[in-house]
A.B. asks: 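Below you'll find the structure I mean.
From a predicted model like this one, the values you see are computed outputs, not experimental measurements.
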Amino acid sequence: MFSEKAESRFGKLAFSALIAVPAVGLAFATAPLASAQPFSPTTTPSNAVTSTAPAGAIVLPMTVSGVDHAVAEAHGFKVVTEPDGTERAVPTASATNPDGTPYRAGIRPLNQIDGDCGDSYLWIHSVGGYNSEIETGFDLGTGAVAYHWQVNRSDNWGSDSHSWGGGLGVDEHWHGEWDIHSGGATWETAGVVASSDVLLWDGELCHTGAPSDTTWVF
């Protein structure tokens, strides 16, 4: 978990390069065996995040689990503690948007959106020849500067996992794909690991709802 006292799995990105993120400029690191790229919005629900989840995906809300104090303060936000002990980032008069303009909450009335801070999704689909494709990602209500994402999967032939992560160019959407080859026809189950999260521009940590899916691979 990111905090002002400890360095998280995001590494030093949040304490150095990410503190001064320009409006577009961070390239993000990805694992070598899967594709990951910003994903173009396809629908725009009113009063909600813009969904990019593919049809058939399992979609679950994401929630704020804490705040990276250094990132929040660098962008003009202060950290407050709610009655339940949860930390949140609240804009001050000096808060800015990623492009340097004065901060506006945008589609987040009262700092709340559908799923608290966004939605995460996962979908498995068979593509024939005992092959399947796992698609996963997230849609946020504000730009993100870094992320760590992991998916675990298993079938009758074994189990494994795959991770993505690194910097994000203040993107609100991310989509990753993982191609799987099984030893034969089988049921396959996959899920986003619950520790997967995203570091937002305001310093808040947005945690996945851990969506999972099962399908018949043939």
A.B. asks: Under 30°, 30 to 60°, or over 60°: which ring-plane class applies to Trp164 and His162, parallel, tilted or perpendicular?
C.D. replies: perpendicular

A.B. asks: Heavy atoms, side chains only, cut-off 4.5 Å: are Leu199 and Val71 in contact?
C.D. replies: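 Heavy-atom side-chain distance check passes, below 4.5 Å.
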
A.B. asks: Any side-chain donor paired with an acceptor under 3.5 Å for His175 and Tyr121?
C.D. replies: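 His175 vs Tyr121: donor-acceptor pair found between side chains.
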
A.B. asks: Judged by modelled atom types alone, do Asn131 and Glu133 share a side-chain donor-acceptor pair under 3.5 Å?
C.D. replies: no

A.B. asks: Could you tell me the separation between the CG atom of Asp197 and the SG atom of Cys206, rounded to the nearest 0.5 Å?
C.D. replies: 8.5 Å

A.B. asks: Let's go through Ser120 and Thr208 carefully: what are the C-alpha distance in whole Å and the side-chain angles of both, what is the deciding distance for side-chain hydrogen bond (donor to acceptor under 3.5 Å, both in side chains) to 0.1 Å, and is it a yes or a no?
C.D. replies: CA-CA 6 Å; Ser120 56; Thr208 180; 2.9 Å; yes

A.B. asks: Mind checking the CD-NE2 spacing from Glu87 to His69? Nearest 0.5 Å is all I need.
C.D. replies: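 NE2 of His69 is found 3.5 Å from CD of Glu87.
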
A.B. asks: Judged by modelled atom types alone, do Thr214 and Thr189 share a side-chain donor-acceptor pair under 3.5 Å?
C.D. replies: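 The criterion, which ignores hydrogens and geometry beyond distance, is satisfied for Thr189 and Thr214.
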
A.B. asks: For a side-chain hydrogen bond (donor to acceptor under 3.5 Å, both in side chains) check, start with the C-alpha distance between Ser196 and Gln150, then their side-chain angles and the critical distance, and finish with the verdict.
C.D. replies: CA-CA 6 Å; Ser196 300; Gln150 182 177 339; over 6 Å; no

A.B. asks: Parallel under 30°, tilted from 30 to 60°, perpendicular over 60°: which one fits the rings of Trp201 and His75?
C.D. replies: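 The rings of Trp201 and His75 lie parallel, inter-plane angle below 30°.
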
A.B. asks: Which value, rounded to the nearest 0.5 Å, describes the distance between Asn152 atom CG and Ser159 atom OG?
C.D. replies: 8.0 Å

A.B. asks: State whether the side chain of Glu204 and the backbone N or O of Ala89 hold a donor-acceptor pair below 3.5 Å, judged by distance alone.
C.D. replies: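 The answer is yes, because a donor-acceptor pair under 3.5 Å joins these two groups.
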
A.B. asks: Would a single hydrophobic cluster contain both Ile180 and Val151, if residues Ile, Leu, Val, Met, Phe, Trp and Tyr are joined by side-chain heavy-atom contacts under 4.5 Å?
C.D. replies: yes

A.B. asks: Are the side chains of Arg153 and Ile134 in contact, using a 4.5 Å heavy-atom criterion?
C.D. replies: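 They are in contact (side-chain heavy atoms under 4.5 Å apart), so the answer is yes.
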
A.B. asks: Measure the CD1-OG1 distance between Ile58 and Thr136 for me, rounded to the nearest 0.5 Å.
C.D. replies: 11.5 Å

A.B. asks: Report, as yes or no, whether the 6.0 Å neighbourhood of atom CH2 on Trp216 holds more than 12 heavy atoms from other residues, nucleotides or ligands.
C.D. replies: yes

A.B. asks: May I ask you to decide if Val59's main-chain N or O and Asp119's side chain share a donor-acceptor pair within less than 3.5 Å?
C.D. replies: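 Flag not set: sc Asp119 to bb Val59 has no pair under 3.5 Å.
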
A.B. asks: Measuring from Ser161:OG to Trp178:CH2, what's the distance to the nearest 0.5 Å?
C.D. replies: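 One finds 6.0 Å between OG of Ser161 and CH2 of Trp178.
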
A.B. asks: Test side-chain hydrogen bond (donor to acceptor under 3.5 Å, both in side chains) on Thr186 and Asn156 and set out the steps.
C.D. replies: CA-CA 6 Å; Thr186 181; Asn156 292 340; 3.3 Å; yes

A.B. asks: Would Lys78 and Glu73 satisfy side-chain contact (heavy atoms from CB on, under 4.5 Å), going step by step from the backbone distance to the final call?
C.D. replies: CA-CA 6 Å; Lys78 67 178 181 180; Glu73 293 167 5; over 6 Å; no

A.B. asks: Is the centre of the Tyr147 ring less than 6.0 Å from the centre of the Trp174 ring?
C.D. replies: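 When the ring centroids of Tyr147 and Trp174 are compared, they turn out to be within the sub-6.0 Å range.
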
A.B. asks: I'd like to know if Asp116 and Arg88 make a salt bridge, using a cut-off of under 4.0 Å between side-chain N and carboxylate O.
C.D. replies: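 Looking at Arg88 together with Asp116, the answer is yes, because their closest N to O distance falls below 4.0 Å.
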
A.B. asks: In this structure, is the centre-to-centre distance between the rings of Phe138 and Trp149 below 6.0 Å?
C.D. replies: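 Between Trp149 and Phe138, the centre distance is under 6.0 Å.
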
